[in-house]
Amino acid sequence: MNREALCFFLMSTPQMDLEAHIRREWATFSQLPIGNISTEDVATFGVVSYNILADCHMRPDDWPYCPQSSRRSEDRHAQLMVELKHEMDSTDIICLQEVGSQYFLLHLQPALLKEGFTGSFFSRLHGIDEGEATFFRSQRFNLLEEKNISCAELIKEAAGRAGLSYEVTEKMSLRVDMSDVVIFSKFFDIKTKRVISVCNLHAIFGGYKAIDVASLQIISSLNCLVEFAGGFNESMILCGDFNMEPHFPGYQVIRDGELNQESIQFLKRHPLYGAEDSGASGKTQQYLVDIAKPLFQHQCATMKSAYAEILGREPPFTTHDDIMGLLWPATRGDHPPKEIPKNDSGIYQSNPDEFGTQPYKGTVDYQWFNTASLCCQRVLRTVDESVIERFHSLPNQVFPSDHILLKASYSFLVIRQRQDKLMHFKGAWPVSKLVVSATKLLVFYKLMDLEAHIRREWATSPQLHINESSTEDAASFGLVSYNILAECHMRPDDWPYCPQSSRRSEDRHAQLMVELKHDMDSTDIICLQEVGSQYFLLHLQPALLKEGFTGSFFSRLHGIDEGEATFFRSQRFNLLEEKHISCAELIKEAAGRAGLSYEVTEKISLRVDMSDVVIFSKFFDIKTKRVISVCNLHAIFGGYKAIDVASLQSISSLNCLVEFAGGLEEPMILCGDFNLEPHFPGYQVIRDGKLNQESIQFLKRYPLYGAEDSGDSGRKQQYLVDIAKPLFQHQCTTMKSAYAEILGEEPSFTNHDDIMGLLWPATRGDHSPTEIPKNDSGIYQSNPDEFGTQPFKGTLDYQWFNTASLCCQRVLRTVDESVIERFHSLPNQVFPSDHLQLKASYSFL
């Protein structure tokens with residue numbers, strides 16, 4: 001009987017119940033501490049963690065018992081969704097590992113979107129086409145912050161904090177420079193008003209040849225999670241595929257906090273140098289556990305494994321495969337290999353030195369939670385081994401991966417001693433649910449000379465000092481920043497001169513790509529603002545993927561269906577770390593660092609609680625071996641009624657960027673739509689480092705309380721600039737505006753629109769409004785108090801770069817106003833947004 005016939009026989013046998021795995025039961029904690037759970041927090045939330053097996057690891061000869069019809073991700077998709085949909089009403093967060101990029105884009109993300117889940121993906125490095133994906137139910141949680149980082153970078157940061165020497169860090173870096181990555185996510189629970197931080201990790205496997213590295217990845221992830229969450233008592237969950245059995249050192253350290261002697265000896269199976277280096281070369285054999293011992297510990301002693309806590313032990317296995325077909329009839333040899341033994345608790349316990357000589361069974365997947373603030377109420381039992389063995393092993397036509405799905409339910413504990421801490425937010429921050437729609441026909445206008453904007457010229461720095469750049473760093477990289485105008489802001493009566501065929505994002509897509517593809521060979525990083533979520537998913541991401549760009553999206557809060565998107569050319573850069581955070585949270589963190597009082601912080605929070613968000617990205621330049629950090633910001637506009645908030649958002653973003661990059665001297669770029677003209681306070685502070693008196697007076701146009709509060713209420717009128725003055729400054733005085741540096745001044749305008757049609761023949765009144773004046777440099781300079789009474793023209797978009805470590809070589813000139821006025825104003829059938837694209841080329845000093 002051949003393999004396909006055998007599979008058919010198994011599938012068709014009457015007593016075979018292929019859905020047995022669906023009827024797994026819950027195991028509940030018998031000593032559930034109900035007395036410590038507040039009434040409001042009794043609502044549980046469910047977390048799924050699951051390694052779903054990426055296509056790139058499914059080689060033709062692997063798993064010979066798995067039918068051809070169940071080998072590709074798209075073929076396994078239906079069974080994967082059966083797994084994920086099992087009791088899906090009790091699932092709120094999904095952490096997946098080994099997610100292929102195309103599978104995420106074309107199948108997984110759309111499928112989970114329909115179930116009410118929003119998700120993000122972070123690819124592994126070194127060209128491995130899979131990574132982690134974290135999803136959350138958008139009706140239950142809001143994403144407050146996200147950090148994507150490579151494990152190598154994470155460990156390097158840990159070494160820096162531990163004060164390890166440069167030499168030790170370099171040795172360690174050579175050992176830990178693997179492709180593995182991790183996602184940290186901070187969620188606000190709309191139902192309980194609490195915050196939960198989750199780490200989604202996939203540690204290195206490598207045939208058990210790097211257990212020292214995997215251990216360090218896990219421990220460093222936990223330490224980073226504690227910092228990310230805000231402290232040892234915060235609510236946090238560390239989950240994923242650890243590639244670490246319970247008798248391995250990494251598990252022992254997470255459980256106990258530090259290495260015991262047995263684990264230290266275990267880790268000395270893995271030297272830093274190969275055997276050939278320990279003799280003739282004269283090198284003394286060294287081990288990661290010796291040179292980096294301070295990193296093999298943590299202080300969060302309240303972390304417990306969910307399954308061990310509920311069941312009293314880990315599952316017998318979470319992965320079960322015979323990848324080489326050692327026991328499969330068609331491929332096994334004459335002498336069957338011996339079985340992996342079980343310990344006294346019934347858990348498979350392999351010898352890593354024997355890996356590859358026997359079919360593998362082991363427990364490597366976990367969910368660890370902080371018992372100081374969370375209670376694990378129940379876990380979903382894993383499938384019985386007898387069910388799997390009906391199909392020989394995993395994966396097969398029923399189970400889509402070589403791993404088993406884990407699921408646990410948690411609730412928040414009352415932390416009475418911390419109730420006075422600012423832990424909640426004013427109201428819910430709903431993130432709008434994405435709805436997938438069919439792709440529509442793109443319309444592309446070809447009238448007279450519509451490509452004039454493509455013939456923009458580069459302006460080059462007259463003082464370009466090529467000799468200041470090292471030979472290896474002379475290769476420049478290009479950065480685009482562009483507010484592309486989200487469809488949710490395109491109301492029916494706005495921009496009456498813009499044709500109906502150029503109003504929806506999908507109809508403007510062709511023109512947007514014309515903009516982005518202009519001289520695209522010199523573009524390496526793209527920072528976009530006002531990106532609609534559906535547009536990102538259905539049009540923008542697939543289009544830029546074809547051009548070699550990988551990207552991420554972060555939606556604004558309060559249900560506004562647009563946000564920022566940052567893309568990078570994957571052949572030029574690797575993404576080392578990413579941080580997504582709301583501007584309100586960013587300013588709140590800045591207030592904490594500045595030591596402002598709780599009362600002042602509360603007042604600030606009431607003023608700055610806007611929907612705006614920011615993305616920080618740290619890239620490794622493959623060509624020059626240097627690191628560049630980029631901040632993609634869209635500050636609040638609000639009809640110029642919140643210039644104080646926009647200024648604080650911009651300054652706080654710069655201060656956070658300096659910290660994110662690693663210091664004042666590091667290469668960094670702050671770009672986006674600042675909604676600040678050059679004569680506004682926020683621009684002045686970024687340029688000079690602190691407020692001047694003119695800016696202070698300017699900011700006093702914006703009181704914390706309305707006029708009705710300044711009189712009868714007895715309240716003394718206060719201003720953000722007064723109570724939060726320490727936040728209106730920065731120390732990075734080497735930041736310069738790219739366009740001002742090259743051209744000697746900012747562009748005349750980067751935004752040009754007549755949104756209300758005040759000068760459009762069909763809608764204007766009898767009296768034409770006055771024009772916005774220009775300053776002596778030819779830059780439009782509006783009066784914010786007159787906003788809405790005249791068509792708007794102004795410079796709002798910038799690229800600021802650190803001259804301590806970067807040189808701006810050239811900028812792409814903006815389009816001449818006469819070209820725009822052929823179509824009255826922006827947007828129109830040629831220019832897809834009310835903003836203009838900015839583009840600059842940089843090199844490392």
Side-chain angles (χ1 to χ4, degrees), residues 24-50 84 86-95 116-117 134-144 184-200 222 225-226 228-240 300-312 314-315 366-381 405-425 427-430:
R24 279 171 277 179
E25 296 178 352
W26 288 97
T28 306
F29 188 31
S30 56
Q31 288 87 37
L32 195 62
I34 295 297
N36 290 332
I37 302 175
S38 66
T39 305
E40 67 185 23
D41 292 341
V42 77
T44 63
F45 62 92
V47 178
V48 162
S49 53
Y50 193 16
L84 294 179
H86 175 48
E87 287 205 35
M88 202 170 201
D89 289 344
S90 63
T91 301
D92 301 286
I93 297 170
I94 302 173
C95 297
F117 287 82
T134 300
F135 293 86
F136 63 96
R137 188 183 294 279
S138 52
Q139 288 186 335
R140 177 67 190 265
F141 288 104
N142 286 331
L143 180 62
L144 295 181
F184 298 91
S185 308
K186 186 181 290 181
F187 301 109
F188 173 71
D189 185 353
I190 298 166
K191 199 167 188 177
T192 66
K193 314 303 182 192
R194 301 284 291 272
V195 175
I196 175 73
S197 297
V198 178
C199 173
N200 179 0
L222 174 54
L225 177 61
V226 171
F228 180 80
F232 298 115
N233 290 324
E234 300 300 327
S235 303
M236 58 186 115
I237 295 171
L238 172 69
C239 66
C300 196
T302 49
M303 293 298 286
K304 302 290 182 186
S305 168
Y307 275 73
E309 192 77 352
I310 299 294
L311 302 176
E314 297 296 348
Y366 308 94
Q367 291 190 24
W368 291 80
F369 70 104
N370 191 4
T371 58
S373 49
L374 292 172
C375 170
C376 181
Q377 295 191 333
R378 58 180 187 166
V379 297
L380 190 66
R381 294 184 185 276
L405 175 146
L406 299 185
K407 183 174 179 178
S409 291
Y410 303 90
S411 59
F412 294 97
L413 296 179
V414 174
I415 314 297
R416 290 183 175 83
Q417 63 269 31
R418 296 166 64 242
Q419 283 188 339
D420 61 340
K421 187 174 177 181
L422 186 61
M423 285 286 295
H424 57 280
F425 299 85
W429 290 355

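The two residues Phe184 and Cys199 have their closest heavy-atom pair at CE2-SG, 3.6 Å. The minimum heavy-atom distance between Arg24 and Leu405, with the atom names listed, is NH1-O, 4.0 Å. When every heavy atom of Thr134 is checked against every heavy atom of Asn200, the shortest pair comes out as OG1-ND2, 3.1 Å. Nearest heavy-atom pair, Tyr410 versus Ala306, reported as atom, atom and distance to 0.1 Å: OH-CB, 3.5 Å. What you find for Ala229 and Glu234 is that their closest heavy atoms are O-CG, 3.3 Å.
No side-chain heavy atom of Leu374 sits under 4.5 Å from any side-chain heavy atom of Met236. For the pair Trp368 and Ile237, the minimum side-chain heavy-atom distance is 4.5 Å or more. Using a 4.5 Å heavy-atom cutoff, the side chains of Val198 and Ile93 are in contact. Looking only at side-chain heavy atoms (C-beta outward), Met303 and Phe369 stay at 4.5 Å or farther from each other. Taking the side chain as every heavy atom from C-beta outward, Leu406 and Leu380 never approach each other to under 4.5 Å. Residues Leu144 and Phe187 fail the side-chain proximity criterion, which asks for heavy atoms closer than 4.5 Å. Side-chain contact between Glu309 and Cys376 is absent, with no heavy-atom pair separated by less than 4.5 Å. Between Val48 and Cys95 the shortest side-chain heavy-atom distance does not fall below 4.5 Å.
Residue Asp92 forms a salt bridge (Lys or Arg N to Asp or Glu O under 4.0 Å) with just one option from Arg137, Lys407, Lys191, and that option is Arg137.
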Task: Working for side-chain contact (heavy atoms from CB on, under 4.5 Å), residues Ile190 and Phe141 - done: CA-CA 6 Å; Ile190 298 166; Phe141 288 104; 5.9 Å; no
TODO: Applying side-chain contact (heavy atoms from CB on, under 4.5 Å), run through Val379 and Leu311 and close with a yes or a no.
DONE: CA-CA 8 Å; Val379 297; Leu311 302 176; 4.2 Å; yes
Open item on the list: Before you tell me yes or no, could you show the steps for Glu314 and Ser305 under side-chain hydrogen bond (donor to acceptor under 3.5 Å, both in side chains), namely the whole-Å CA-CA distance, both residues' side-chain angles and the distance that decides it to 0.1 Å?
Closed with: CA-CA 8 Å; Glu314 297 296 348; Ser305 168; 2.6 Å; yes
- [ ] Begin with the C-alpha distance, continue with both residues' side-chain angles, and end with the deciding distance and a verdict on side-chain contact (heavy atoms from CB on, under 4.5 Å) for Ser409 and Trp26.
- [x] CA-CA 10 Å; Ser409 291; Trp26 288 97; 3.8 Å; yes
TODO: Evaluate side-chain contact (heavy atoms from CB on, under 4.5 Å) for Ser373 paired with Phe412, printing each intermediate quantity in order.
DONE: CA-CA 6 Å; Ser373 49; Phe412 294 97; 5.9 Å; no
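In this structure, Lys186 forms a cation-pi arrangement with Phe228, its terminal cationic atom sitting closer than 6.0 Å to the ring centre and no more than 45° off the ring axis.
Ser411 and Gln377 are linked by a side-chain donor-acceptor pair at a separation below 3.5 angstrom, with hydrogens and angles left out of the test.
For the pair Arg194 (side chain) and Leu413 (backbone), a donor-acceptor distance under 3.5 Å is present.
Here Ser235 contributes atom OG and Phe45 contributes atom CZ; the two are 7.0 Å apart, rounded to the nearest 0.5 Å. From Ile196, atom CD1 reaches atom CG of Asp189 across 9.0 Å, with rounding to the nearest 0.5 Å.
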